[in-house]
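It should be emphasised that the depicted structure is a prediction, and the values quoted were computed from it without experimental measurement.
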Amino acid sequence: MRPPTPPTASTAPRTLAADLPALPPGTPVTLRGWVHRRRALATVTFLVLRDRSGLAQVVVRAGDGQVVPPEETVVEVTGLTTANAQAPGGVEVTSPTVVLLTDPASTPPVELWRPSLDVGLSTMLDHAAVAWRHPAQRARWEVAAASLRGFREALDARGFTEVQSPKIVGSATESGADVFTLDYFGRPAFLAQSPQFFKQQLVGVFERVYEVGPVFRAEPHDTVRHLAEYVSLDVELGFVRDHRDVLAVLRDVLAGMVAAVHEHAGSAVAAHGFAVPVVPDEIPVIHFAEALALVGAPADEPDLAPEHERALGRWALAEHGSDLLAVEGYPMARRPFYTHPQPGDARWSNSFDLLFRGVELVTGGQRLHRYADYVAAITARGEDPAAYATYLEAFEHGMPPHGGFAIGLERWTARLTGAPNVREVTLFPRDLHRLAP
């Protein structure tokens with residue numbers, strides 16, 4: 001005798017949990033999702049179903065003849081909408097038929113039904129595929145996804161072209177950052193540290209370009225704000241006067257990202273109390289030398305330490321009411337060779353870092369654009385310009401004054417959501433220790 005055929009999903013149109021409040025009582029609905037929580041009482045079981053839009057409460061009475069499977073089992077529920085002020089959105093589903101769309105789920109490694117994901121970081125990362133199902137955790141990526149949408153929309157509206165550059169490169173000449181090496185058909189190659197060289201060359205094609213993609217750093221940092229692989233939001237634009245033009249575009253991009261967060265992740269922001277910044281009409285700017293004096297650092301300090309950035313963040317909030325502060329004029333000795341020096345004082349650069357709530361979020365500035373200047377800058381570093389031949393070709397054939405910046409998506413999302421560690425907002429982080437999941 002053959003075993004009975006298990007029930008299958010109906011062909012009825014699907015109703016999302018978030019759509020239930022708009023339906024009149026007695027409307028037939030079909031929900032599909034995960035069993036988020038089940039609470040069994042004497043004569044009734046409350047099944048909370050979770051789908052991509054939110055939560056819905058289903059009332060299963062003893063006389064309904066339905067079996068409520070374990071948490072995280074994927075089910076289809078058909079029933080009728082019924083008003084109930086205590087249910088999510090003021091509506092619940094009654095008279096249900098529950099159909100399992102998979103085998104009963106095993107007990108998850110984290111309790112997803114609890115209001116907060118109260119587990120250690122290592123547990124959350126080890127079980128990322130399940131932990132990201134938690135509504136509070138998922139909300140963080142909803143903010144990241146909305147930010148990406150706003151980033152693209154803001155630049156598309158300003159005549160930028162989205163590009164994609166190679167992530168496997170044949171040389172590691174861009175900066176002093178350590179790189180990952182790999183065997184490329186028997187010869188050495190590297191994972192790209194950034195799309196910097198490519199996006200500059202493509203300014204010669206499209207004038208204004210941007211890219212969203214991974215970058216790789218083999219630096220042995222083991223901090224709450226460093227990853228070996230992260231998502232970089234890169235921008236480059238031609239025909240700038242100086243780095244202030246670049247900063248103005250950055251301001252508009254951040255404003256677009258914030259607007260998209262409100263528009264596309266507003267429910268996540270409201271539900272979890274994320275503090276979305278207000279982007280001022282003009283981002284306050286302080287020169288690097290003034291910043292050192294303000295935080296009491298020696299005048300010959302080559303860079304800002306994390307405690308200096310935090311102090312500057314507090315100052316910007318108190319003095320300007322801004323979560324954002326641009327520090328311009330970093331020493332040329334600390335900037336890549338393609339950075340344009342400050343006119344009149346070549347010790348300083350036409351570059352900036354943008355601090356967001358006391359943490360470096362963006363590095364940007366004006367680049368060199370004349371071929372002879374590149375040859376001189378590379379030679380001054382004791383290197384042979386021939387090693388940069390494919391990069392320099394664009395400058396031999398005419399490049400406009402240009403500049404750009406790069407935003408680290410994970411740092412942006414962590415600061416916006418209040419996550420103390422960038423790994424908490426990274427879907428599957430790669431760092432000094434982690435290669436799985």
Going by salt bridge (Lys or Arg N to Asp or Glu O under 4.0 Å), name the residues that satisfy it together with [X], two or more places apart in sequence or in a different chain.
X      : answer
Asp126 : Arg434
Arg50  : Glu72
Glu301 : none
Arg241 : Asp245

Can you give me the closest heavy-atom contact between [X] and [Y], atom names plus distance?
X      : Y      : answer
Asp51  : Ala17  : OD2-N, 2.8 Å
Val285 : Arg244 : CG1-NH2, 3.7 Å
Val143 : Leu416 : CG1-CD2, 3.6 Å
Leu20  : Ala56  : CD1-CB, 3.6 Å
His36  : Leu112 : CE1-O, 3.0 Å
Tyr184 : Ala189 : CB-CB, 3.6 Å

Worksheet item: Is the distance between the ring centroids of Tyr388 and Phe337 under 6.0 Å?
Response: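 Close enough - the centres of the two rings lie under 6.0 Å apart.
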Worksheet item: Does a salt bridge link Arg430 with Glu410, judged by any charged N lying under 4.0 Å from a carboxylate O?
Response: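 So Arg430 does not pair with Glu410 through a salt bridge.
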Worksheet item: If you measure from the Lys or Arg side-chain nitrogens to the Asp or Glu carboxylate oxygens, is any gap between Arg133 and Glu71 under 4.0 Å?
Response: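 Looking at Arg133 and Glu71, the cut-off is not met.
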Are the side chain of [X] and the backbone of [Y] linked by a donor-acceptor contact shorter than 3.5 Å?
X      : Y      : result
Arg138 : Arg52  : yes
Thr15  : Leu31  : no
Gln137 : Glu424 : yes
Arg367 : Gly404 : yes
Arg357 : Arg415 : yes
Arg251 : Pro280 : yes
Arg208 : Arg158 : yes

Taking the side chain as C-beta and beyond, is there a heavy-atom pair between [X] and [Y] under 4.5 Å?
X      : Y      : value
Phe46  : Val68  : no
Leu191 : Val179 : no
Thr97  : Gln66  : yes
Tyr230 : Leu409 : no
Val35  : Pro69  : yes
Leu233 : Leu148 : yes
Leu47  : Val93  : no
Asp64  : Pro96  : yes

Fill in: Step-by-step side chain to side chain contact (heavy atoms under 4.5 Å, CB included) determination, Phe160 to Val249
CA-CA 11 Å; Phe160 282 76; Val249 171; 4.2 Å; yes
Worksheet entry | Under the side chain to side chain contact (heavy atoms under 4.5 Å, CB included) test, residues paired with Thr27 that sit two or more places apart |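 For Thr27 the side chain to side chain contact (heavy atoms under 4.5 Å, CB included) partners, ignoring immediate neighbours, are Leu23, Pro24, Val29, Thr81.
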Worksheet item: Residues two or more places apart in sequence or in another chain: which of them pass side chain to side chain contact (heavy atoms under 4.5 Å, CB included) with His272?
Response: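 Result, side chain to side chain contact (heavy atoms under 4.5 Å, CB included) vs His272: Ala136, Ala139, Phe274.
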Fill in: Steps toward side chain to side chain donor-acceptor pair (under 3.5 Å) verdict (Thr82, Thr94)
CA-CA 7 Å; Thr82 302; Thr94 59; 2.8 Å; yes
Fill in: Pairs involving residues 305-334, ordered by first then second residue, that meet ring-ring contact (aromatic ring centres under 6.0 Å, His included) (sequence neighbours left out)
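Residue pairs passing ring-ring contact (aromatic ring centres under 6.0 Å, His included), neighbours aside: Phe288-Tyr330, Trp315-His320.
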Discussion item. Considering only residues two or more places apart or on different chains, which pairs with a residue in residues 99-151 satisfy ring-ring contact (aromatic ring centres under 6.0 Å, His included)?
Written reply: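 Counting only pairs at least two positions apart or across chains, the ring-ring contact (aromatic ring centres under 6.0 Å, His included) contacts touching residues 99-151 are Phe151-Tyr210.
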Interatomic distance, [X] atom [atom1] to [Y] atom [atom2] [nearest 0.5 angstrom]:
X      : Y      : atom1 : atom2 : result
Leu49  : Arg37  : CG    : CZ    : 15.0 Å
Phe216 : Ser194 : CZ    : OG    : 12.0 Å
Asn84  : Gln57  : CG    : CD    : 6.0 Å
Thr73  : Trp34  : OG1   : CH2   : 12.0 Å
Leu292 : Leu294 : CG    : CG    : 9.5 Å
Arg225 : Asn421 : CZ    : CG    : 12.0 Å

Fill in: Listed once per pair and sorted, the side chain to side chain donor-acceptor pair (under 3.5 Å) pairs that draw on residues 197-207, sequence neighbours left out
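Every side chain to side chain donor-acceptor pair (under 3.5 Å) pair that includes a residue of residues 197-207, provided the two are not neighbours, is Gln196-Gln200, Lys199-Asp234, Lys199-Glu236, Gln200-Tyr374, Gln200-Tyr391, Gln200-His402.
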Item to complete: Name all pairs fulfilling the side chain to side chain donor-acceptor pair (under 3.5 Å) condition that reach into residues 282-292, sequence neighbours left out, sorted by first residue then second.
Response: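 Those involving residues 282-292 are His287-Gln342.
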Around atom [atom1] of [X], are there more than 12 heavy atoms from other residues, nucleotides or ligands closer than 6.0 Å?
X      : atom1 : result
Arg14  : CZ    : yes
Asp118 : CG    : no
Gln86  : CD    : no

Worksheet item: For His226, which residues count as a ring pair (Phe, Tyr, Trp, His ring centres under 6.0 Å) partner, sequence neighbours excluded?
Response: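 Result, ring pair (Phe, Tyr, Trp, His ring centres under 6.0 Å) vs His226: His221.
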Worksheet item: Run the side chain to side chain contact (heavy atoms under 4.5 Å, CB included) check on Leu254 and Ile407 step by step: do they pass?
Response: CA-CA 10 Å; Leu254 292 174; Ile407 305 171; 4.1 Å; yes
Discussion item. If you apply the rule side chain to side chain contact (heavy atoms under 4.5 Å, CB included), what do you find for Thr390 with Phe197, and how did you get there?
Written reply: CA-CA 10 Å; Thr390 58; Phe197 284 4; over 6 Å; no
Item to complete: For the pair Val212 and Val231, evaluate side chain to side chain contact (heavy atoms under 4.5 Å, CB included) and give the outcome as yes or no after the intermediate values.
Response: CA-CA 7 Å; Val212 176; Val231 177; 4.0 Å; yes
Fill in: All side-chain hydrogen bond (donor to acceptor under 3.5 Å, both in side chains) counterparts of Thr363, not counting sequence neighbours
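For Thr363, the residues satisfying side-chain hydrogen bond (donor to acceptor under 3.5 Å, both in side chains) (neighbours in sequence not counted) are Asp353, Glu360.
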Item to complete: List the steps, then state whether side chain to side chain donor-acceptor pair (under 3.5 Å) holds for Asp242 with His340.
Response: CA-CA 9 Å; Asp242 57 26; His340 198 293; over 6 Å; no
